[in-house]
Every structure is written in C-alpha cells, then in structure tokens.
Amino acid sequence: MDESPELVGLRNGTKVTIRPMVAGDGPALLSFFRGLPEEDRQFLRDDVTRPEVIERFVAKLDDDSVIPLVAEHEGRLVGDGTLHRTRHGWAIHVAALRVVVAREFQRSGLGTALAHQLVRRAVGLGLDKLVAEVVDNQIGARRAFEKLGFHQEATLKGHVKDIPGAKHDLVIMANDVSHIWEKMEALVADYSQIG
C-alpha cells in the first residue's frame, strides 16, 4: 500500500498534502484541535484539546488498529482522518471512518479527499464494510460520505449529548466496500489469465 504523501487540489484551487501521521505531529495535532471552534469539537469522542489525549494517541501510531492521516497546508495541519479497525473478533471485516477538517477548509472538498484516501486504504487492507457516525445536524458531513457511497443504515435517537447538554440523534452511515474488493480481485484474475 502506498504510504507516500499526496498533493490534492481542493475546489477553490488550494493545494494540501495528505499524508500518514507521524509521531512528531503531536504538537501540531493538538494545535489543530485547539483551533477548532467548540461547535466543531462538541461531537468528538474525546477531549482532543487535552495534551495527554493527543500524547496517548500519538504513542499508539505503530498499532495497526488505527490508520491516521493528516492534511497539511503551508506547514499547518488543517485536517485529520482516521480508520479504526478491530484486529480480532466478529467485526474484523469492519472499520470506522472519522474525519475532522479546520473550519476554513470545510466545504472545500478536503473532508471528502481525506475520506477517499481512507476508503482506498480500507480496500487495500481487504476490509468489507466501513461505517461513519454523524450527528443529525452535520449535513455537510453526511453529504460528503454519501458522495463516497455511504448510506444511512441506522439512527440512534438522542444518543449524543452536545457540550451544552442538548441531545441529538446519531446517524450510522455504512458503505459495503467488498464489491470494490471483488472487482479488484476479478480484474487481477482476468489479467493473470491473459498472460
């Protein structure tokens, strides 16, 4: 699987580099999350403005259960995407996809570009299904996932509480990527039969 950085052009012509996260990204990642407005952080699973949370995450970069990517523009992190997979048990074929983008880069196609890179990695790993959790009022995130083939699979009513304490529905979106994997295997089989 290609792990080299990729220069991506966004809708407004801005170029960003999407690359695997490295241990040295810890301080920049903390700065990225602290720079997000509270409403953009309120539905994240962890308080990523705390240094110990970032340090714990960065310390596990060699653990292949999480595949992290970052988006960088002019030396600053402007996006974070992760693929979370279970290495044992009944959900070994499934991974969860999470993407966070700096406010000034939202609606530019960066979230979709990060998600696309993660879907590509998931297919390369032979995963069958991807899921994404989106809060009901995150319309832009839902549209970005839909462009990548995700569909709404379930809604958990009142499952998420925001920082002020209001409850929101959690929308579970899914994408069966096994058909992409099957097409790749068929292509390889066809190619090997030609030779």
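We count residues from 1, following the sequence as given. Model, not experiment: these values are computed from the prediction.
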Trainee: Return all side-chain donor-acceptor pairs below 3.5 angstrom for residues 48-55, not counting sequence neighbours, or 'none' if the list is empty.
Mentor:
{"unit_1": "T49", "atom_1": "OG1", "unit_2": "D47", "atom_2": "OD1", "d": "2.5"}
{"unit_1": "R50", "atom_1": "NE", "unit_2": "E52", "atom_2": "OE2", "d": "2.7"}
{"unit_1": "R50", "atom_1": "NH2", "unit_2": "E52", "atom_2": "OE2", "d": "2.8"}

Trainee: Can you confirm whether H151 is buried at NE2, in the sense that more than 12 heavy atoms of other residues, nucleotides or ligands lie under 6.0 Å from that atom?
Mentor: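 Correct, the count exceeds 12.
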
Trainee: D40: which residues meet the side chain to side chain contact (heavy atoms under 4.5 Å, CB included) condition with it, sequence neighbours left out?
Mentor: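 L36, P37, R103, Q106.
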
Trainee: Working to the nearest 0.5 Å, report the span between CG of N137 and CG of D169.
Mentor: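 Between atom CG of N137 and atom CG of D169 there are 10.0 Å.
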
Trainee: Tell me every residue that passes side chain to side chain donor-acceptor pair (under 3.5 Å) with T112, counting only those two or more places apart in sequence or in another chain.
Mentor: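 In terms of side chain to side chain donor-acceptor pair (under 3.5 Å), with neighbours along the sequence ignored, T112 is linked to no residue.
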
Trainee: With clusters defined by side-chain heavy atoms of hydrophobic residues (ILVMFWY) lying less than 4.5 Å apart, directly or transitively, does L156 cluster with V160?
Mentor: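 Linked, V160 and L156 end up in one cluster.
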
Trainee: In this structure, are over 12 heavy atoms from other groups packed under 6.0 Å from H116 atom NE2?
Mentor: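 Counting neighbours around NE2 of H116, 12 or fewer heavy atoms of other residues, nucleotides or ligands fall under 6.0 Å, so no.
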
Trainee: Not counting sequence neighbours, which residues clear side chain to side chain donor-acceptor pair (under 3.5 Å) with T155? List them please.
Mentor: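 So T155 forms a side chain to side chain donor-acceptor pair (under 3.5 Å) with Q152.
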
Trainee: Only pairs at least two apart or in different chains count here, so list each side-chain hydrogen bond (donor to acceptor under 3.5 Å, both in side chains) that has a residue in residues 25-38.
Mentor: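 As it turns out, the side-chain hydrogen bond (donor to acceptor under 3.5 Å, both in side chains) pairs with a partner in residues 25-38, which skip direct neighbours, are R19-D25.
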
Trainee: Tell me, please, which residues at least two apart from V134 pass side chain to side chain contact (heavy atoms under 4.5 Å, CB included).
Mentor: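 By the side chain to side chain contact (heavy atoms under 4.5 Å, CB included) rule, V134 matches Q138, A141, R142, F145, M173.
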
Trainee: Take a 6.0 Å sphere around NE2 of H168 and say whether it holds more than 12 heavy atoms from other residues, nucleotides or ligands.
Mentor: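 Enclosed: over 12 neighbouring heavy atoms sit under 6.0 Å from NE2 of H168.
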
Trainee: How many angstroms lie between atom NZ of K129 and atom CZ of F150, to the nearest 0.5 angstrom?
Mentor: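 Those atoms lie 10.5 Å apart.
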
